[in-house]
Every structure is written in C-alpha cells, then in structure tokens.
Amino acid sequence: MKTLISTVFALTLMSGASYAETIKVGVVGPFSGPFALQGKNFKAGIDAFFALNGKKVGDNEIEVVYRDVPTADPAKSKAMSQELIVREKVQYLAGYYFTPDAMAAAPMLQQGNVPMVVMNAATSAIVNASPYVVRTSFTTWQTATPLAKVAKDGGVTKTITLVSDYGPGADAETAFKTAFEKEGGQVVESIRMPLSTTDFAPLMQRIKDSGAQALFTFLPSGPPTLAFVKAYNDTGLKAAGIKFFATGDLTQESDLPALGEAGLGLTTSFHYAVSHDSAENKAFVEAAQKAIGNPAELSFPAVGAFDGMHVIAKMIEATGGKQDAAKAVEAVKGLSWTSPRGPVTIDPTSRHITQNIYLRSVEKGADGKYFNKEIQTFEKQGDPGLAFAKK
Ligand code: PHB
C-alpha cells in the first residue's frame, strides 16, 4: 500500500509543471591522444560557462555527456554521435573539433530531432550539411580573408600557400588566394600537406625554392602547428626574411611557451586572443583558467565552447526544456551577445557566427610570457565562404 501511494505521489509530481528535467548535451571532441589539449579546452569553456551562469535554465538542469574522438575520424564520430542520440537520449549535440567529425554526424540531426552546436570545426560547408547546425567558432574563410590585404599592404606581392589537405585547409587556401589576387598579389605555388605530416623540413626547402616573399599557412591547431612553426624557424626561413602569415590556429596560446623566441613577431588573424582586453574576457579567462588547471593551457576552443553553451542555454530557454530541434534552432537565429571575443551574432541565414577578426602579432609581455597582441580589428565579419560556394 505504502509503495502504491508513493508511486502515485511520484507520478503526480512528474506530471506537474514544476517537474524539473535533466537536459543532456552530448559533446564530441578529442579528449585523448595528440589533440587532447584541444578537447580539454572544450571542457574548460563549458565548465567556465557553468561557473559563471550556473547549470540550470529555468527548472531544467544541464548535464554534459562527453565522448572521445581523438582525431579526424568520421566513422568513430558517427558511431559516438548516434550512441549519444539513441542511447544517452541527448537533446543537443555539441563540440566537434575536426570538420570530418562534424560532417559525419550532421545527417543524423533531423531524424534525431537534435540541434548541433559546432564549437570548433571550421569548414564553411558544415552549416549547409543540416538546417540544425549552428556554429560558434569561426571558419578559415572568415579568418584568412582579411589577412591577404594585410600581406599586400605590407609590400608582399608573391606568396606560397601551404595548407592541410582537408576541408578547412582547402577553404583557407581558396580564401587567401581569392583575396590576395583581388589585391593584385600572386600566389606562386599552393601546397596541400597530408593531415598526417609530421616532418615539415622538406616543405621549408620548397618554400625557399619557390621565390615567394611570404608564406600563408593553415593547419589544425595541435602538434602539427607547433611542428610547422618550429620548422619555419629552425630551417632558417624566418632568419632569411620569408614573411609568415597564418590563421591564428598556428599561434594558439598553449603553443607559445614551447615556441619561445621562435614565435616572436608571427602575424596571424583570428577571432579570439586570450589577451583580448574586455571585462567579459577577463571574467571568462579567470573562470576558464581555473577550470583547466594550468593557465598556460588555455586556448581558443574554450571560447567556442563557452559561447556554444550560451547558445544551448538560449535554446533550452526557448523550448522550455522540451525536445524540439526546429524551434531551438529558430530561437537563436539572429541572437546577439557580447562574447569574451567581442560582439557576436548568429547570422539568421547561415547559422554561422558573425564576429570581429583580429590581426595579431606574437609578443613578449613585461612578465616574460608570450602572447598574441591584437593590433587591428576587422569588424563584424560574416563568412565569405558561403557566398563563394554559391557562385
Ligand atoms: C577543422 O577540422 O575544421 C579544424 C580543426 C582545427 C583547427 C581549425 C579547424 O584549428
């Protein structure tokens, strides 16, 4: 009898309006292996969001379920994402460091009734893979385009491009070349490097032989970027005066201590620098550094994740915690807020983030630490890659 009464009582409570649900968010990223630090930054950004905003949205409490996909591995990402939807019953998918991992999961979103908030993967076409994709990171089109004018204005007329041979690399190459040629510059050679490349010395020789005054490069942040910049320094290219232009992936803050003097003066363009001077960023950096443990490990995936959680919280608010992917995505179209990186908006048409892109140079602070110093702002940049793809 007692059991029956308590069961009835529990059921009554469950049907009541005040019943608080746990909303599960599945986050896919590299949490082990060579890119583990990038995944750790996803988690630090998410934890920083909870530290500053709490875990509750209305009556609903957010629970994050992490799944490890150590590198670009579409089959594994698909399996993990499917498991999150079907078994874990997540209402939201998020994370996705590598483009192929986001692309592999996108076709499941509509049937699963699950929005995907991309916190890093940077190929323009990802938002076209499903109407349920929203992105809070950047695209390589967005970051590379303003840099071409900077190079040309700095007197460079001949450049060689070197990019990782997959989505964001191909986009970066096309973006830089398109903008540089528009400025009257010439790309003398374009090299695509396999994602597995670890020895960059032979490529440095090709740069020397090309007759270019400068190089433009994109690689995914992690061990490849550190090795590339080291090779640029160690093989004498830097000393020979071959200028370096890259997206900010190449000088992420967590790589700067290992680069040391070799990083000094490197010119990059990006959506976020840990040194960004604003009240919002100060609060974010403090919370995210606490979350990550070692402050020197903080890097850009944390801000994509922090803002991604902001978007997910808005989606939960708009749907009252009910699973309704279409309504959730609709609710964040046109959403504007002040991110730690500066003012941002989710473009209502593309569902990609409009944001400032900053020109930066690696400098050494009075405290002896290396940092990306913002020196110029290109305001309110959309994604030129989407318009280009339609042409
Ligand atoms: C990507 O795979 O889209 C990607 C990964 C790492 C980056 C940028 C883009 O730094």
Side-chain angles (χ1 to χ4, degrees), residues 28-31 33-42 45 69-74 76-78 94-106 116-129 133-145 147 162-176 192-197 216-229 246-256 266 268-274 297-305 308 341 352-353 355 357 360 372 383 385-386 389:
V28 173
F31 298 107
F35 292 91
L37 187 54
Q38 309 306 107
K40 196 173 172 189
N41 268 278
F42 273 171
V69 178
T71 184
D73 185 344
K76 183 153 196 191
S77 173
K78 189 177 172 197
Y96 300 97
Y97 188 69
F98 292 102
T99 289
D101 298 343
M103 283 295 203
M116 174 194 281
V117 177
V118 175
M119 294 171 164
N120 187 69
T123 303
S124 288
I126 297 172
V127 289
N128 291 340
V133 174
V134 176
R135 177 162 40 200
T136 56
S137 51
F138 60 98
T139 66
T140 51
W141 261 98
Q142 201 174 26
T143 53
T145 299
L147 198 56
L162 300 100
V163 299
S164 292
D165 192 8
Y166 77 126
D171 274 10
E173 176 192 286
T174 315
F176 186 86
R192 294 196 180 177
M193 310 169 276
L195 253 185
S196 56
T197 309
F216 165 78
T217 190
F218 163 83
L219 296 100
S221 261
T225 46
L226 186 61
F228 186 96
V229 178
T247 55
D249 313 77
L250 271 287
T251 62
Q252 66 167 339
E253 281 79 0
S254 53
D255 282 351
L256 297 181
L266 296 181
T268 58
S269 51
F270 220 32
H271 61 301
Y272 179 67
V274 174
E297 287 184 348
L298 188 62
S299 180
F300 66 93
V303 87
R341 67 188 94 170
H352 175 66
I353 194 161
Q355 58 192 332
I357 297 299
R360 311 101 48 83
N372 286 300
D383 181 15
L386 293 166

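Atoms within a ligand are numbered from 1 in the order they appear, just like the ligands themselves. What you see is a predicted model; the values in this text were computed from it and never measured. All residue numbers in this chain count up from 1 along the given sequence.
For the ring-ring contact (aromatic ring centres under 6.0 Å, His included) test, residues two or more places apart in sequence or in another chain that qualify with Phe98 are Phe35. Under the salt bridge (Lys or Arg N to Asp or Glu O under 4.0 Å) criterion, Arg341 pairs with Asp307, not counting sequence neighbours. Legend: residues meeting ring-ring contact (aromatic ring centres under 6.0 Å, His included) with Phe31, ordered by chain and number and at least two apart, are Tyr66.
Exactly one residue among Val274, Asn372, Asn120, Asn41 makes a side chain to side chain contact (heavy atoms under 4.5 Å, CB included) with Phe300. That residue is Asn120.
When atom types are taken as modelled, the side chain of Thr136 and the backbone of Met119 share no donor-acceptor pair closer than 3.5 angstrom.
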Where does ligand 1 get N/O contacts under 3.5 Å from the protein, atom by atom?
unit_1: ligand 1; atom_1: 2 (O); unit_2: Thr99; atom_2: N; d: 2.8
unit_1: ligand 1; atom_1: 2 (O); unit_2: Tyr166; atom_2: OH; d: 2.7
unit_1: ligand 1; atom_1: 3 (O); unit_2: Thr99; atom_2: N; d: 3.4
unit_1: ligand 1; atom_1: 3 (O); unit_2: Thr99; atom_2: OG1; d: 2.5
unit_1: ligand 1; atom_1: 3 (O); unit_2: Ala122; atom_2: N; d: 2.8
unit_1: ligand 1; atom_1: 10 (O); unit_2: Ser221; atom_2: N; d: 3.0
unit_1: ligand 1; atom_1: 10 (O); unit_2: Asp249; atom_2: OD2; d: 2.6

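In plain terms, the two heavy atoms of Ser124 and Val127 that are nearest each other are O-CG2, 3.4 Å.
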